Amino acid sequence: MTKQQDSKRNVNRRGHFLVFEGIDGSGKSTQLAMLADALRRREIPVYPTAEPSEGDIGRLLRSYLTGQRKADPRVFAPLFAADRLDHLTREKEGLLPRIAEGTTILSDRYYLSSLAYQSVDLPMETVIAMNRPCMDLLRPDLTIFIDVTPETAMNRIANGRTSTELFEKRDRLAATREKFFEAIRRLHGEEKIAIIDGNRPAGSIAGEIQEMVISMFASDGC
Ligand code: ADP
Ligand code: TYD
């Protein structure tokens with residue numbers, strides 16, 4: 001292929017949207033960084049991001065999650081949905097414009113997290129309904145759910161973190177993990193979700209994820 005054809009191909013092609021999910025301490029940010037490096041080595045343009053976003057609503061949410069401000073946890077569900085819509089549609093730096101220009105986005109959490117975390121306090125139907133506009137605007141090409149036992153997560157949080165966030169107290173980890181599985185069952189057929197065993201060395205998990213993603217890109221012809 002000539003250089004010209006190659007750049008035309010990149011301009012015309014929409015970027016991929018890959019999402020990492022799992023309870024706190026499952027290794028999402030570690031794996032996201034490793035996949036970003038692997039894709040960059042293949043000269044695939046990558047934009048790593050996370051939720052809550054860096055926007056106004058995201059900053060407000062972080063102030064609740066860190067305990068800086070107090071709020072009834074039920075207000076988190078609409079705020080996360082609003083932050084997500086803003087993150088998707090924001091002019092220039094929004095996820096939709098970036099994907100349209102051909103960038104592959106790697107996101108640390110998306111609406112599956114809302115379904116799992118918020119439905120500990122609210123009916124899951126309600127949380128799904130609140131996130132429906134986000135689902136309609138952008139579904140992940142692939143959600144990578146890194147599954148660890150609550151014990152693994154607790155050990156990693158205890159070793160690697162100075163503080164745990166409001167929603168990730170020890171007694172909630174197991175409940176949240178169960179809600180993730182309930183959400184995965186409910187979205188079955190609508191979403192492509194890979195469940196990866198996260199109870200092993202980071203390099204071995206990264207190898208499995210890279211193989212899966214590269215073969216997905218190859219089958220898309222890019
Ligand atoms: P998350 O983003 O899901 O909360 P992190 O990637 O921040 O998880 O990982 C949580 C902690 O566990 C960090 O200290 C990280 O270095 C460590 N960690 C990540 N993956 C592994 C792994 N496979 N084995 C052991 N420790 C890990
Ligand atoms: P995150 O930034 O992933 O924390 P960390 O990098 O430390 O793992 O997640 C922030 C918190 O927000 C986490 O406790 C999960 C919670 N959360 C929700 O409750 N609902 C959501 O929709 C999202 C995206 C996150």
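Remember, predicted model here, so these are calculated numbers, not experimental data. Counting starts at 1 for both ligands and their atoms, following the listed order.
The shortest N or O to N or O distance between Tyr117 and ligand 2 is not under 3.5 Å. By the 3.5 Å distance cut-off applied to N or O atoms, Arg109 is counted among the residues near ligand 2. The distance criterion of under 3.5 Å between nitrogen or oxygen atoms is not met by Ile205 with respect to ligand 1.
Enclosure of atom CD in Glu211 is not indicated, since only 12 or fewer non-hydrogen atoms of other residues, nucleotides or ligands lie within 6.0 angstrom. Atom CD of Glu182 has more than 12 heavy atoms from other residues, nucleotides or ligands within 6.0 Å.
Around atom 7 (O) of ligand 1, the closest heavy atom drawn from Gly25, Ser29, Gly27 belongs to Ser29. Checking Val148, Asp24, Thr30, Asp108 against atom 6 (O) of ligand 1, the nearest heavy atom belongs to Thr30.
The ligand atoms of ligand 1 that sit less than 4.0 angstrom from a heavy atom of Lys28 are 1 (P), 2 (O), 3 (O), 4 (O), 6 (O), 8 (O). Listed by number with element, the atoms of ligand 2 under 4.0 Å from a non-hydrogen atom of Asp24 are 5 (P), 7 (O), 8 (O). For ligand 1, the atoms lying closer than 4.0 Å to a non-hydrogen atom of Ala202 are 22 (C), 23 (N). Per-residue contacts place Arg200 under 4.0 angstrom from the following atoms of ligand 1 (heavy atoms of the residue considered): 22 (C), 23 (N), 24 (N). Within the listing of ligand 1, atoms 23 (N) sit less than 4.0 angstrom from a heavy atom of Pro201. Contact atoms of ligand 2 toward Glu51: 2 (O), 24 (C) (distance under 4.0 Å to a heavy atom of the residue).
Contacts with ligand 2 closer than 4.0 Å are made by no heavy atom of Leu61, backbone or side chain.
With ring centers used as reference points, Phe20 lies 6.0 Å or more from Tyr110. Between Tyr117 and Phe76, the ring centre distance reaches or exceeds 6.0 Å.
Asp220 CG to Ser215 OG: the interatomic distance, rounded to the nearest 0.5 Å, is 9.5 Å.
Looking at His87 and Ser107, their side chains never bring a donor and an acceptor atom within 3.5 Å of each other. With no hydrogens or angles considered, a side-chain donor-acceptor pair links Arg84 and Ser114 at under 3.5 Å.
Using a 4.0 Å cutoff on heavy atoms, Ser26 counts as a contact of ligand 1. Heavy atoms of Gln31 come nearer than 4.0 angstrom to ligand 1 in no pair at all.
By the side chain to side chain donor-acceptor pair (under 3.5 Å) test, Gln31 is found to be paired with no residue, residues two or more places apart in sequence or in another chain being considered. Partners of Arg200 according to the side chain to side chain contact (heavy atoms under 4.5 Å, CB included) rule, which considers only residues two or more places apart in sequence or in another chain, are Ile196, Asp197, Ser204, Ile205, Glu208.
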